[in-house]
Peer 1: 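I am attaching a structure below and will ask some questions about it afterwards.
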Number of protein chains: 2
Amino acid sequence: MRDLKQFYFFENLDDEQLALLSSFSNKKHYEKGSILFYEKDEAKSLILLIEGVLKVYKTDQKNNEIIMHRFMPVSLVAEMAVLEGISYPASAAFESAGVVIEIDFERFKKEFLHNPQMALLFFKSLSKKIKYLEDVIALNIVLDSTARLAKYIFDKEDALNSLKQYQVAEHLHMTPETLSRTFKKLVILELLEKDSNGYKIKNKEGLRVLFE
Amino acid sequence: MRDLKQFYFFENLDDEQLALLSSFSNKKHYEKGSILFYEKDEAKSLILLIEGVLKVYKTDQKNNEIIMHRFMPVSLVAEMAVLEGISYPASAAFESAGVVIEIDFERFKKEFLHNPQMALLFFKSLSKKIKYLEDVIALNIVLDSTARLAKYIFDKEDALNSLKQYQVAEHLHMTPETLSRTFKKLVILELLEKDSNGYKIKNKEGLRVLFE
DNA sequence: CTGACGTCTTGATATAAATCACAACTACTT
DNA sequence: AAGTAGTTGTGATTTATATCAAGACGTCAG
């Protein structure tokens with residue numbers, strides 16, 4: 001099940017382990033509006049959201065929904081409840097059609113957590129994710145758009161022209177207009193050059209000083 | 001050792017477990033400029049940076065330092081190398097005076113990772129940290145400063161006046177001036193009121209609409 | 001080739017927040 | 001009580017980026 005592999009948590013598992021994991025995992029499709037779980041339900045599966053938008057909400061005395069969380073793919077949903085062995089603290093419903101994988105937690109614990117080797121793997125995955133998120137924060141909150149682009153180019157030199165510019169813009173949290181102007185700026189600074197099939201690095205160390 | 005407790009990774013440990021952990025942990029003080037470890041050293045301890053600024057760097061052929069990472073407290077440093085059981089891929093030196101705790105990894109593995117109960121605890125810590133970072137990203141990239149402050153106040157109603165304003169400003173990634181003006185704005189909107197000992201929420205649901 | 005659509009570029013303008021400068025508080029210290 | 005350092009508030013200005021509007025370029029269908 002490559003669906004599992006796409007989630008950072010499982011990226012370090014080998015094929016055999018993934019097969020084992022698949023054996024007690026269940027892929028389910030849900031329609032828009034359908035309920036994934038209710039508050040107070042016993043939390044006995046890890047839930048991996050693969051497609052769709054899932055809201056986690058409570059209803060108050062007056063039957064108003066209070067949305068606690070809105071999940072986008074690919075996310076691990078409500079793992080806290082599962083890890084703590086308690087029941088779900090809120091309900092969850094799909095705001096669009098969706099697909100989830102449910103992983104039986106008892107089996108998961110038995111097969112994986114009792115294996116220190118495996119526990120280590122999961123730590124690595126989680127630790128990597130944390131580093132990644134810290135990078136995202138550093139990249140987006142601390143740096144201005146020129147520095148963000150410079151870092152982006154620096155980090156993925158080869159993949160430079162593999163995305164449309166508006167996709168790069170989205171990734172870097174700026175508008176396509178700003179991206180366009182920023183590219184131009186880097187060309188003027190002679191850090192990049194533009195040819196028929198896109199931009200190319202001209203002075204890599206020069207790029208570095210922009211974000212360090 | 002409450003030093004350990006302040007790191008998210010260990011926050012779920014009870015006193016007994018912390019004591020055990022302390023028994024094979026070592027607090028060390030370093031002067032500015034001193035070396036924490038060299039590239040190629042065997043990575044046999046988890047290193048928790050408690051105070052100071054630590055740079056992780058490589059030196060190239062021409063003896064130029066290339067800074068790979070700069071760590072601020074409280075961070076787990078180079079845990080990848082330790083988890084993988086390899087040697088450090090770069091050197092680390094203090095850019096200011098600093099304090100670290102070194103945790104013997106063999107003992108750590110033996111005492112903690114072999115205990116599935118404990119592995120679960122660490123997963124919880126990491127998972128919580130991931131959620132926190134995701135929140136930081138959502139908070140800071142998507143929302144403007146008014147919305148950020150509204151959410152901040154909404155989320156920690158009680159702790160509202162426990163920090164200096166300039167600390168809150170730093171936390172929300174804005175300048176104290178902007179924070180001051182934003183507070184004022186929320187008072188004018190009648191969402192907050194100001195009395196002798198700080199700001200108080202006047203209309204909680206009103207705050208919510210600003211960030212949802 | 002010609003239009004038509006998607007993408008990128010460019011310019012003009014608007015806006016949020018940072019910066020600069022300093023005034024007003026607040027809380028200590030002696 | 002007066003003086004000083006630390007904190008917060010206010011106004012004026014500047015800056016980065018978004019937004020709005022329009023033109024240029026590329027490519028694919030007919």
Peer 1: Is a donor from one side chain sitting under 3.5 angstrom from an acceptor on the other, for A:T175 and A:T178?
Peer 2: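 Short answer, yes.
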Peer 1: What do you reckon, is NZ of B:K32 surrounded by more than 12 foreign heavy atoms closer than 6.0 Å?
Peer 2: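 No - once you tally the heavy atoms of other residues, nucleotides and ligands closer than 6.0 Å, there are 12 at most.
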Peer 1: What do you reckon, are the aromatic ring centroids of A:F183 and A:Y199 less than 6.0 Å apart?
Peer 2: yes
Peer 1: Is the backbone N or O of B:D14 less than 3.5 Å from a side-chain atom of B:Q17, with the two atoms forming a donor-acceptor pair by type?
Peer 2: yes
Peer 1: Show every donor-acceptor pair shorter than 3.5 Å between a side-chain atom in residues 144-154 of chain B and any protein atom, with sequence neighbours excluded, or say none if there are none.
Peer 2:
residue: B:D144; atom: OD1; partner: B:T146; partner atom: N; Å: 3.3
residue: B:D144; atom: OD1; partner: B:A147; partner atom: N; Å: 2.9
residue: B:T146; atom: OG1; partner: B:K185; partner atom: NZ; Å: 2.8
residue: B:R148; atom: NE; partner: B:N140; partner atom: OD1; Å: 3.4
residue: B:R148; atom: NE; partner: B:L172; partner atom: O; Å: 2.8
residue: B:R148; atom: NH1; partner: B:L143; partner atom: O; Å: 3.1
residue: B:R148; atom: NH2; partner: B:L172; partner atom: O; Å: 3.1
residue: B:R148; atom: NH2; partner: B:H173; partner atom: O; Å: 3.1
residue: B:K151; atom: NZ; partner: B:D155; partner atom: OD2; Å: 3.0

Peer 1: Contact boundaries of DNA chain C with chain A (under 4.0 Å, heavy atoms), 5' to 3'?
Peer 2: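 Range of nucleotides touched by chain A: C:dT7 to C:dA12.
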Peer 1: In whole Å, what is the span from the CD atom of B:Q165 to the C1' atom of D:dT7?
Peer 2: 9 Å
Peer 1: Sequence neighbours left out, what passes salt bridge (Lys or Arg N to Asp or Glu O under 4.0 Å) with A:K128? Give chain and number order.
Peer 2: A:E11
Peer 1: Using rotation axes that map the C1' atoms of four end pairs onto the next four (five pairs an end), what angle separates the end axes of the helix from C:dT9-D:dA22 to C:dT30-D:dA1, to 10°?
Peer 2: 30°
Peer 1: How long is the line joining NZ of A:K164 and P of D:dC25, in whole Å?
Peer 2: 18 Å
Peer 1: Show which side-chain atoms of residues 48-59 of chain B pair as donor or acceptor with protein atoms under 3.5 Å away, not counting sequence neighbours.
Peer 2:
residue: B:K55; atom: NZ; partner: B:E65; partner atom: OE1; Å: 3.0
residue: B:K58; atom: NZ; partner: B:E39; partner atom: OE2; Å: 3.2
residue: B:K58; atom: NZ; partner: B:P89; partner atom: O; Å: 2.9

Peer 1: How is B:K185 classified with respect to the nucleic acid when contacts are heavy atoms under 4.0 Å: base, sugar-phosphate, or nothing?
Peer 2: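 Nothing: the residue B:K185, judged by heavy atoms under 4.0 Å, touches no strand.
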Peer 1: For B:I47, run the side chain to side chain contact (heavy atoms under 4.5 Å, CB included) check against B:I103, B:L76, B:V100, B:I101 and tell me which one passes.
Peer 2: B:V100
Peer 1: Taking A:K131 first and then B:E79, would you say they form a salt bridge - that is, a charged N and a carboxylate O separated by under 4.0 Å?
Peer 2: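 Counted as a salt bridge, because a side-chain N and a carboxylate O are separated by less than 4.0 Å.
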Peer 1: Tell me which residues in residues 166-181 of chain A put a heavy atom below 4.0 Å from DNA chain D, sorted by number, or none.
Peer 2: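 Nucleic-acid contacts, sorted: A:H173, A:M174, A:T175, A:E177, A:T178, A:R181.
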Peer 1: Between the side chains of A:K28 and A:E102, is the shortest nitrogen-to-carboxylate-oxygen separation below 4.0 Å, so that they form an ion pair?
Peer 2: yes
